[in-house]
2 protein chains.
Amino acid sequence: MRRDVFQAIADPTRRAILLLIAAQAMTPNALAEHFDTTRQAVSKHLRILTECELVKQDHNGREIYYRLEVTKMKEIDKWLDQFRKLWESRFNELDNVLLTIKNDKK
Amino acid sequence: MRRDVFQAIADPTRRAILLLIAAQAMTPNALAEHFDTTRQAVSKHLRILTECELVKQDHNGREIYYRLEVTKMKEIDKWLDQFRKLWESRFNELDNVLLTIKNDKK
DNA sequence: AATATAAGCAACTAATTGGTTGCACAAAAG
DNA sequence: CTTTTGTGCAACCAATTAGTTGCTTATATT
């Protein structure tokens, strides 16, 4: 099972779920009300999000509250870090041109 | 065609391509050498990356150099911004507990 | 104890995905 | 002008995905 964070956030419904529970932990039923699908479909998304540890469960009787696991979200941020220097540099465009020219000479 | 940035970076090969061309613009052939697949497969990935505007082409004779479009990468960063405040706050964990309790009372 | 509610799991299905091979076309090299 | 090289595109295929319906289990409610 290839459950990585990037594959998890690829689905728009899952991104919406993450946003919702970021504001407030919710049960599958409560979440399902926000979408045009069945509760089972939402449940499946939650399973995927749980498997890659983007969300955690808080059991409360027969209800299960899903909450965002912020730590895992940082993983995406960490990946972005590799590119961040590129857009923080105002010479970004120029760099690319120079690299292309250099490559041409070979 | 549902070509959004998140779906594009879901594939590990595409993420690797982005990293490679971030360092230096490259042709499909040059890129394919880095992977265990055919040139056509890489070409397909490049098409997807082009469609969602994560990469741009620089034509040079019959060669096509693909370079990273940093602007589009910022879109992911912008999405992350919605969550960033959560992990920048040291009270994050506590917040979630309080929100859950609040929800219980209803 | 009987019923209603919350949630997970399994089987099935349609659509999408990542890969392949084969072909077409344009530009460079002989 | 013919051949080689770089690339894109289409057709096909196996695997995965997102969704469905139906069932089971566990906790509340009456």
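Residue numbering restarts at 1 for every chain, and letters A, B, ... go by the order of the sequence lines.
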C/dA26 OP1/OP2 closer than 4.0 Å to side-chain N/O of B/His59: no

B/Arg3 atom CZ is separated from C/dA15 atom P, nearest whole Å, by 17 Å

Test item: A/Arg3 side-chain N/O and A/Cys52 main-chain N/O as donor-acceptor pair under 3.5 Å: no

With A/Arg14 as partner, the option from A/Val42, A/Leu49, A/Leu46, A/Leu54 fulfilling side-chain contact (heavy atoms from CB on, under 4.5 Å) is A/Leu49

One would report the end-axis bend of the helix from C/dA1-D/dT30 to C/dG30-D/dC1, five pairs per end and rounded to 10 degrees, as 20°

Those residues at least two apart in sequence (or on a different chain) that pass side chain to side chain donor-acceptor pair (under 3.5 Å) with B/Glu75 are B/Lys72

Rounded to whole Å, the CZ-P distance (B/Phe35 to C/dG19) equals 10 Å

With sequence neighbours left out, the residues meeting salt bridge (charged side-chain N to carboxylate O under 4.0 Å, His left out) with A/Lys44 are none

In whole angstroms, the gap separating P of C/dG18 from CD1 of B/Ile48 amounts to 5 Å

To the nearest angstrom, the CZ-P distance between A/Arg47 and D/dT16 comes to 15 Å

Atom CD1 of B/Ile9 and atom P of C/dG18 are separated, to the nearest Å, by 13 Å

Check nucleotides 5-7 of chain D for protein N or O atoms closer than 3.5 Å to its own N or O atoms and list the pairs.
| residue | atom | partner | partner atom | Å |
| --- | --- | --- | --- | --- |
| D/dT5 | O2 | B/Arg62 | NH1 | 2.4 |
| D/dT7 | OP1 | B/Ile64 | N | 3.2 |
| D/dT7 | OP2 | B/Asn29 | N | 3.1 |
| D/dT7 | OP2 | B/Asn29 | ND2 | 2.9 |

Those residues at least two apart in sequence (or on a different chain) that pass side chain to side chain contact (heavy atoms under 4.5 Å, CB included) with A/Ile64 are A/Gln57, A/His59, A/Tyr66

Taken to the nearest whole Å, CG/A/Asn60 to C1'/D/dA26 is 14 Å

The side chain to side chain contact (heavy atoms under 4.5 Å, CB included) partners of A/Arg84 (sequence neighbours excluded) come to A/Asp77, A/Leu80, A/Asp81, A/Trp87, A/Glu88, B/Asp77, B/Arg84

From CG of B/Asp11 across to C1' of C/dT17 the rounded distance in Å is 9 Å

Sorted by chain and residue number, the salt bridge (charged side-chain N to carboxylate O under 4.0 Å, His left out) partners of B/Lys85 (sequence neighbours excluded) come out as none

By nearest-nucleotide position on DNA chain D, the 5'-leaning member of B/Leu46 and A/Arg14 is B/Leu46

Applying salt bridge (charged side-chain N to carboxylate O under 4.0 Å, His left out) to B/Lys74 and not counting sequence neighbours gives none

Hits for side chain to side chain donor-acceptor pair (under 3.5 Å) against A/Arg39, two or more places apart or cross-chain, chain-then-number order -> none

Taking only the side-chain nitrogens and oxygens of A/Gln7, find out if one of them lies under 4.0 Å from OP1 or OP2 of D/dT17.
yes

Rounded to whole Å, the CG-C1' distance (A/Leu49 to D/dT17) equals 14 Å

- Query: Would you say the base of C/dG19 and the side-chain of B/Lys44 have a donor-acceptor pair closer than 3.5 Å?
  - Reply: yes

